[in-house]
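Okay, structure first, notes after.
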Number of protein chains: 2
Amino acid sequence: MVTISEVAQLAGVSVTTVSRVINDYPHVSKAKKDKVFWAMDKLGYVPMQAARQMRGSGSQTIGVVVPAIINPFFSYLINAIERTVDKLHYKTLIIQTFGRKQNELTALDYLKRHQVDGIILCALENDWDIIKGYQKYGQIAVCNEYVDEDTIPMVIGDQFNGLRQGTEYLISKGKTKIAYCTGRDSLILQQRGKNFDSDRYLGFTTALQAHDLSFNPAWLFTNAHSIEDGQAILKQLSQMTQKPDAIITGSDEVATGIVSLAKSLNIKIPQDLSVLGVDDQPLAKFLSHPLTTIRQPITQMGQQVAEVLIDNIKGTAEPAQKIKLDLQIVPRESA
Amino acid sequence: MVTISEVAQLAGVSVTTVSRVINDYPHVSKAKKDKVFWAMDKLGYVPMQAARQMRGSGSQTIGVVVPAIINPFFSYLINAIERTVDKLHYKTLIIQTFGRKQNELTALDYLKRHQVDGIILCALENDWDIIKGYQKYGQIAVCNEYVDEDTIPMVIGDQFNGLRQGTEYLISKGKTKIAYCTGRDSLILQQRGKNFDSDRYLGFTTALQAHDLSFNPAWLFTNAHSIEDGQAILKQLSQMTQKPDAIITGSDEVATGIVSLAKSLNIKIPQDLSVLGVDDQPLAKFLSHPLTTIRQPITQMGQQVAEVLIDNIKGTAEPAQKIKLDLQIVPRESA
DNA sequence: TCGCTTTATGTAATCGCTGACATCATTATA
DNA sequence: TATAATGATGTCAGCGATTACATAAAGCGA
């Protein structure tokens, strides 16, 4: 491989001079600078990042931890993050957890190893008490999850108001018996106090209460993630004696599962059952029943969390911003 | 940060001994080995990759270059690659080109910089003559694109037979006037000889010829990528006097665009127009007209290309495998 | 018990790059 | 003109790991 000394030799200068040229330091004459550029070009030289890193420049890389990249929500989020990170001259290392705690910890180990200068967690697998211990090894920012910790920058959608408005929307359409799905495990839901998902839930119940509506606990569905989960939920619903007339799903996937099975179960959407999605995924509007859904500000979320994290890495940020972005209801045909 | 010498000091041994323990070399007594493990654990030590790399171990990272991660085809491909790469104890650095030549070259520069030990190109932006020059800096493998070069490992779907069978399928359904869409630019299609997409096209025309059917050049649509492109194509079609009775799209996106607009243009699918997708994306079966489509072996493609590349990096591979995987027709309602 | 191999451990050079420090040469200031 | 300040350039230590080489101790057959 081509090293800085080879460039120095060819250009007839010292390695320091080459280094100065590379890093655009002053006090190099035009003549030598030109020679160095010529030599670098001729040899096709690019400085080796690993060597630079040993001298204290970071890895110029940030890690993005997601449960699964095939989930469009996360691939869109990664896309937004990558674009921003790239613009700020960093690289993006993607790590999938597949929902496993151990993978999240392995990802955080990248901080120790100095493979990454910072990490964006787009979902939390481990308890915060465990994760917080990694803060001393590098910057951590959280996106799309609620963390009640001053020292951690956090960018989330305003789930409370989003769901409140979504619920209001259903009520405005004359619906009063509203079911609710969440991706959370029912157990965790009980254990944790104020977290991301209960923000959503709180928005939902707040809207109900404002209209003197009650919630039937039989209509709470947990662990709902996939299209198949949505289908299973609709099957359950169709066998209930007390049927809801609307359902708030945790994601467009679940909503897709529901609307896809409605016809064969002879359920009319939205007359018999209004279905409200969350995310506004690209295909949501092309389904047999185009989804009415709550759009998450994915692009802004990704952009802002990346900017905040890199600000923190560079030390040019006021510590630990908490950024909350508005959700938006997209009315279509399913509700 | 914790260094190897701190571990050595705490364990009361030399750095060499620690290094031997880390790398599992022989000739270390049980007693010292235990002490070293204890000290590493106590200090939370992890070796710094950058320092190791300077001693010749690679970066243990491979770069995956895709046009856009939000395209489900690529996010599924990346997923398959990442899982395999992870299993082989490498890391995955994702680079999006957004279809820009320069971004692809920047990605290839990672090889020079030794940020990655190898690169998987999942789409080609630049001419091969330009890319081939980077081979001297590290391993390059190509996935999902045709490269007629002995020295390059390549994993592709068997587009020729896939499209031939897809066309046969349409013919077996009584269709004789078949339109064809491709993502390629019409210009490039003329310039290049045997490439990925013309393999597809060849499969298509081979099937037509076998049944003495001719192809109307007015039914060739180029630059077709998105849902919107599909909608535009259907609008064009609906205004033709000579209308096709089937259409082969380059992707499920284009097919989605077509079926989504069919109802409002009063075109019955598949009676008036059969629509054949390519990819079998997860939502394809939940559309208003579930897509009949040609499934690409994405998982195997990703897995195999990753294995081959890493074999090559380790030097444990016979040079430059060419792997061709079968496509599969998934019959649903759109054709 | 003597030489020889094997095991256990340490010292120091090295990877490519940066930057503190040193050294002249040149220009500005008194 | 003497002195100080600034510019241009070079020498070399050091970042954290690996590894060639050196050395000492232990094992072993004759």
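Computed from heavy atoms alone, side chains included, the values below leave out hydrogens, waters and symmetry copies. All values derive from a computational prediction rather than experimental measurement. Here is the naming used below: chain letters follow the sequence lines, and residue numbers restart at 1 for every chain.
Residue A:Ile22 places its side chain closer to C:dT18 than to any other of C:dT11, C:dT18, D:dT18. Which of D:dT9, C:dC17, C:dG10 sits closest to the side chain of B:Thr16 comes down to C:dG10. Nearest to the side chain of B:Ser19, among C:dA20, D:dT9, D:dT18, sits D:dT18. Listed nucleotides: C:dT18, C:dG10, C:dC17. Nearest to the side chain of A:Asn23: C:dT18. Closest contact between the side chain of A:Met1 and the listed nucleotides C:dG16, C:dT9, D:dC12 involves C:dG16. Minimum atom distance to the side chain of B:Ile4 is reached by D:dA17, of the listed D:dA17, C:dT18, D:dG10. Of the candidates D:dT9, C:dT11, C:dG16, C:dT11 carries the atom nearest the B:Ser14 side chain, counting heavy atoms from C-beta on.
Within the 4.5 Å cutoff, the side chain of B:Ile152 has heavy atoms near those of the B:Gln135 side chain. Between B:Ile120 and B:Val65, every side-chain heavy-atom pair lies at or beyond the 4.5 Å cut-off.
Side-chain N/O atoms of A:Arg20 and base N/O atoms of C:dT18 include no donor-acceptor pair closer than 3.5 Å. Not a single donor-acceptor contact under 3.5 angstrom links the side-chain atoms of A:Arg55 to the base of D:dG16.
A straight line from NZ of B:Lys35 to C1' of C:dT9 spans 13 Å, rounded to a whole angstrom. The separation between B:Lys32 atom NZ and D:dA24 atom C1' is 12 Å, rounded to whole Å. Rounded to whole Å, atom C1' of C:dT18 lies 15 Å from atom CG of A:Asp24. Rounding to whole angstrom units, NE2 of residue A:His27 and P of D:dT6 are separated by 10 Å. If you measure from atom CE of A:Met54 to atom C1' of D:dG14, you get 9 Å, rounded to the nearest angstrom. Between B:Met48 atom CE and D:dT18 atom P the separation is 12 Å, expressed in whole Å. The NE2 atom of A:His114 sits 12 Å away from the C1' atom of D:dC15 (whole-angstrom rounding). When rounded to the nearest whole Å, the span between NZ of B:Lys33 and P of C:dA8 equals 9 Å.
Nearer to the 5' terminus of DNA chain D, by closest-nucleotide assignment, is the contact made by B:Ala50 (compared with the other of B:Ala50 and B:Tyr25).
Among the protein residues, A:Val18 comes within range of no part of the nucleic acid, since none of its heavy atoms lies under 4.0 Å from any strand. Across all strands shown, B:Thr3 has heavy atoms under 4.0 Å from sugar-phosphate atoms exclusively, and none from any base. The residue B:Thr17 sits close only to the backbone: its heavy atoms come under 4.0 Å of sugar-phosphate atoms, none of a base.
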Derivation and outcome, side chain to side chain contact (heavy atoms under 4.5 Å, CB included), residues B:Asn79 and A:Phe98: CA-CA 10 Å; B:Asn79 177 56; A:Phe98 305 112; 3.6 Å; yes
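Among residues two or more places apart in sequence or in another chain, the side chain to side chain donor-acceptor pair (under 3.5 Å) test is passed with A:Thr299 by none.
Salt bridge present: A:Arg184 and A:Glu145 bring a charged side-chain N and a carboxylate O closer than 4.0 Å.
Taking side-chain N and O atoms only, A:Arg52 has no distance below 4.0 Å to OP1 or OP2 of C:dC17.
In terms of heavy-atom proximity, B:Tyr137 sits nearest to A:Gly44 at OH-O, 4.5 Å.
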